[in-house]
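FYI, the numbering just counts along the sequence from 1.
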Amino acid sequence: NLAKGESIYSVRFMGETGYFVTYEQVDPLFSVDLSDPEKPKILGKLKIPGFSEYLHFYGEDKLLGIGMSTDEESGMSEGVKVTMFDILDRADVKEEATLVLDDLYRTNAAYDYKSVLVDAAKNRIGFSGYSQNGETYCLLTYNEKEKKFDTILKEDINGNTSQGVRGIYIEDTLYVISGNIIEAYDMNSGEKTGDMKEKALTLYRRKHLGYVFQMYNLIPNLNVKENIEVGAYLSNKALDIDELLHTLGLYEHRHKLPNQLSGGQQQRTAIGRAIVKNPDILLCDEPTGALDYNTSKEILKLIEQVNQKY
C-alpha cells in the first residue's frame, strides 16, 4: 500500500527509518517509521520528476540519489540525475539540489552498487555513465553553502571490462579501473596524473593491493606459515609473520596443511597472506561466501580488526 501501481526502485535504512523510492511518472521518496515492524508508518512523501535508482546516506541529515531525470508528462528520459535530499526532518523530506547530466543516458548504479564511490567525509561522489561516445567517469563534490553539485571530473573511460568500472582512491589520487587499465586523477583538480599499462599494472598490484578470495586459493602442499610467507615475498615492507599469526589466531596451527584446517581457519590464512605484504588496499571477493553465519561474522570482525591495526 506504499504507492499502488508503482514500482520500488531503491531503498535505504537508517536506524528505525526506511527511505523508499517508487516510480511511475514521477519520483516519490517516502520516509517510513519502522520502529514497529508489524505496523510501518509513512512519515513523509516527496514527489519530483524522474527517479532515483541508487540511494546513499551523505552524513546524518542528507540522502544522495542517483537515477534518471524524466519529463513529467511524457516520462521520456532527459539524462542522468544526481539529487541531494535534506532528511533532517523525517516527516518533511526536501529536494535540496539536483544535477542533470543530459549527455548521459544511464549508469550502472542501479545494478552494481560497487560501481559508485561515495565518501561524505571527503565530499566526493564518483560513478560511471554511458553516452553515445561510450562510458564516462564522473567525480562530483557537493557545495553545502550554495546547495549545488560541482563537477570535478568528467572523462571518457579507456579499457574494456565485463566486470564493471571501479573508482577507488589513495589519499588525494583517484584511480579509475577498467579491465587491464588504471587511470589516475587528482581528486581536487580532476587533472590526469598518469595511467598504467599491463606491466605497470602488475607492479602496482604487487606493491599496493592485497586479495582475499571466496574459495581461499591456498597452496595445498604448503602449511599455514608457508602460505602466508608467499605474500611476504612480494613486498619489501612485509609485516612480522609470527606476530601476524598470533593476531589471526593461527599460531598454534602454523604447521598444518590447508586440508587440516576448518573453513574459518583457511580464510584466516588467506587474509594473512593478503595483508602480510602490508598493502595500501585490501580487496575482498565475498570472503564469507563459503562460510557459515557465525564464522562469517568472525571473519568480517577480523578483517575490521586487522585493518585498524595495520
Side-chain angles (χ1 to χ4, degrees), residues 9-12 14 19 21 23 26-29 31 46-72 76-89 92-157 165-169 172-176 183-192:
Y9 269 55
S10 52
V11 179
R12 278 285 179 174
M14 177 181 281
Y19 296 88
V21 169
Y23 180 70
V26 293
D27 175 7
L29 172 65
S31 54
L46 172 68
K47 286 204 169 190
I48 53 177
F51 54 88
S52 296
E53 301 173 294
Y54 176 87
L55 295 173
H56 198 112
F57 292 110
Y58 210 72
E60 294 186 358
D61 59 355
K62 297 285 189 294
L63 181 64
L64 173 72
I66 300 176
M68 300 300 299
S69 175
T70 60
D71 182 88
E72 194 166 353
M76 295 292 291
S77 173
E78 296 177 333
V80 169
K81 179 181 72 168
V82 185
T83 304
M84 190 66 76
F85 298 101
D86 180 350
I87 58 172
L88 181 62
D89 183 350
D92 186 23
V93 177
K94 298 181 176 65
E95 181 187 33
E96 188 169 276
T98 292
L99 172 68
V100 176
L101 304 169
D102 56 12
D103 58 331
L104 302 182
Y105 60 84
R106 73 178 177 91
T107 74
N108 290 324
Y111 314 102
D112 181 8
Y113 70 93
K114 294 181 181 179
S115 69
V116 183
L117 168 66
V118 179
D119 190 327
K122 206 171 185 67
N123 194 12
R124 295 295 183 269
I125 303 157
F127 60 91
S128 63
Y130 295 89
S131 69
Q132 293 182 345
N133 298 322
E135 200 166 2
T136 300
Y137 197 86
C138 302
L139 183 67
L140 311 177
T141 185
Y142 186 62
N143 188 323
E144 174 72 28
K145 183 177 181 179
E146 298 184 16
K147 308 299 183 189
K148 69 183 185 71
F149 293 96
D150 293 322
T151 302
I152 298 174
L153 170 71
K154 195 175 182 185
E155 290 286 338
D156 293 340
I157 296 172
V165 173
R166 295 289 185 267
I168 62 174
Y169 70 85
D172 289 326
T173 300
L174 171 73
Y175 297 95
V176 178
E183 296 176 294
Y185 299 88
D186 185 290
M187 290 190 74
N188 298 311
S189 67
E191 180 182 351
K192 188 171 185 178

#### Entry: Of all pairs that satisfy ring-ring contact (aromatic ring centres under 6.0 Å, His included), the ones with a partner from residues 107-157, not counting sequence neighbours
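Qualifying pairs: Tyr142-Phe149.
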
Shortest non-hydrogen contact between [X] and [Y], atoms and distance:
X      : Y      : result
Tyr105 : Gln132 : CE2-N, 4.2 Å
Met187 : Thr173 : CG-C, 3.8 Å
Ser128 : Thr107 : O-CB, 3.4 Å
Arg106 : Asn108 : NH1-OD1, 3.4 Å
Lys147 : Glu144 : NZ-OE2, 2.7 Å
Lys122 : Asp172 : NZ-OD1, 3.1 Å

Heavy-atom side-chain contact between [X] and [Y] under 4.5 Å:
X      : Y      : answer
Leu117 : Leu174 : yes
Val165 : Glu135 : yes
Leu29  : Ser52  : no
Leu104 : Cys138 : yes

Quick one: pull up [atom1] in [X] and [atom2] in [Y] and give me the separation to the nearest 0.5 Å.
X      : Y      : atom1 : atom2 : result
Asp61  : Ile87  : CG    : CD1   : 7.0 Å
Leu99  : Met84  : CG    : CE    : 11.0 Å
Ile152 : Asn188 : CD1   : CG    : 7.0 Å
Asn133 : Asp103 : CG    : CG    : 9.0 Å
Leu101 : Met68  : CG    : CE    : 9.5 Å
Arg124 : Asp119 : CZ    : CG    : 9.5 Å

### Message
Looking at Asp89 and Lys94, is there a salt bridge between them, counting it only when a charged N and a carboxylate O are closer than 4.0 Å?
### Response
no

### Message
Tell me whether Glu155 is salt-bridged to Lys192, with the criterion being a basic N under 4.0 Å from an acidic carboxylate O.
### Response
no

### Query
Taking atom types as modelled and ignoring hydrogens, do the side chains of Arg166 and Ser115 form a donor-acceptor contact shorter than 3.5 angstrom?
no

### Query
Can you check side-chain hydrogen bond (donor to acceptor under 3.5 Å, both in side chains) on Asn123 and Thr141, steps first, answer last?
CA-CA 6 Å; Asn123 194 12; Thr141 185; 3.0 Å; yes

